[in-house]
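Every value quoted in this text rests on a predicted model; they were computed, and no experiment measured them. For the single chain, residues carry numbers from 1 onward in sequence order.
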Amino acid sequence: MPKGGFVYILTNRYNRVLYIEVTSNLHTRILEHRNKVFPNSFSSRYELYKLVYFEEYMSIESAIKREKQLKAGSRNNKLNLINEKNFWSDLAEDWFLI
């Protein structure tokens, strides 16, 4: 059975930096970003923790293909995608509440 995947966009509190990545487990990966599990990573250095967009795919290969499309697109296209779907709120804001 193929493993599914997610492509997602993170930003910082000022919505200035966009970070596009792919993962097979979105919940765990967002938690890693928020806890700065990889302190020297791009997302840690730029304090990228706010999940502003994601798409789910049936296969990780499809998610990787979409990630490449998004990364190759213009910043304006990415901003439009986020504005269409989300209006810059943190989609994972309440995922980790106890």
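Residues Ile82 and Thr11 form no side-chain contact, since every pair of their non-hydrogen atoms from C-beta on lies 4.5 Å or further apart. Lys50 places a side-chain heavy atom less than 4.5 Å from the side chain of Asn15. Contact annotation: the side chain of His33 approaches that of Tyr19 to within less than 4.5 Å [non-hydrogen atoms, C-beta and beyond]. No side-chain heavy atom of Tyr46 sits less than 4.5 Å from a side-chain heavy atom of Asn12. For the pair Trp95/Leu31, no side-chain contact is recorded, criterion being any heavy-atom separation below 4.5 Å from C-beta on. Proximity of Arg13 to Tyr49: side-chain heavy atoms (C-beta onward) are separated by under 4.5 Å at one or more points.
If you take CZ on Phe6 and NE2 on His27, they are separated by 11.0 Å, rounding to the nearest 0.5 Å.
Side-chain N or O atoms of Arg45 include one that pairs as donor or acceptor with a backbone N or O of Asn40 at under 3.5 Å. No donor-acceptor distance shorter than 3.5 angstrom exists from the side chain of Asn86 to the backbone of Tyr53, with no hydrogens or angles considered. A distance-only check finds a donor-acceptor pair linking the side chain of Ser44 to the backbone of Phe38 [under 3.5 Å].
Test Glu21, Glu55, Glu61 against Arg66 for salt bridge (charged side-chain N to carboxylate O under 4.0 Å, His left out) and you get one pass: Glu55.
Using a 4.5 Å cut-off between side-chain heavy atoms of Ile, Leu, Val, Met, Phe, Trp and Tyr, with links allowed through other members, Leu10 and Leu91 fall into the same hydrophobic cluster. If you chain together hydrophobic residues whose side chains sit under 4.5 Å apart, Ile30 and Leu48 fall into the same group. Residues Val17 and Tyr8 fall within the same hydrophobic cluster, defined by Ile, Leu, Val, Met, Phe, Trp and Tyr side chains chained together at heavy-atom separations under 4.5 Å. Leu79 and Val7 fall within a single hydrophobic cluster, where Ile, Leu, Val, Met, Phe, Trp and Tyr are joined by side-chain heavy atoms under 4.5 Å apart, directly or via other members. Val52 and Leu26 fall into different hydrophobic clusters, where Ile, Leu, Val, Met, Phe, Trp and Tyr residues are linked whenever their side-chain heavy atoms come under 4.5 Å apart, directly or through other members.
Annotation for Lys78 and Gly73: closest pair NZ-O, 3.1 Å, computed over non-hydrogen atoms. Between Asn25 and Thr23, the shortest heavy-atom distance links the atoms N-OG1, 3.2 Å. Contact between Glu67 and Ile20 at its shortest, heavy atoms only, is OE2-O, 3.9 Å. What you find for Ala92 and Leu51 is that their closest heavy atoms are CB-CD2, 4.0 Å. Nearest approach of Gly5 to Ile60, heavy atoms of both residues: CA-CD1, 3.8 Å.
Residue Tyr14 shares its hydrophobic cluster (ILVMFWY side chains chained together at separations under 4.5 Å) with no other residue.
By the neighbour-count criterion of 12 heavy atoms within 6.0 Å, atom NZ of Lys71 is densely surrounded, having more than that number from other residues, nucleotides or ligands.
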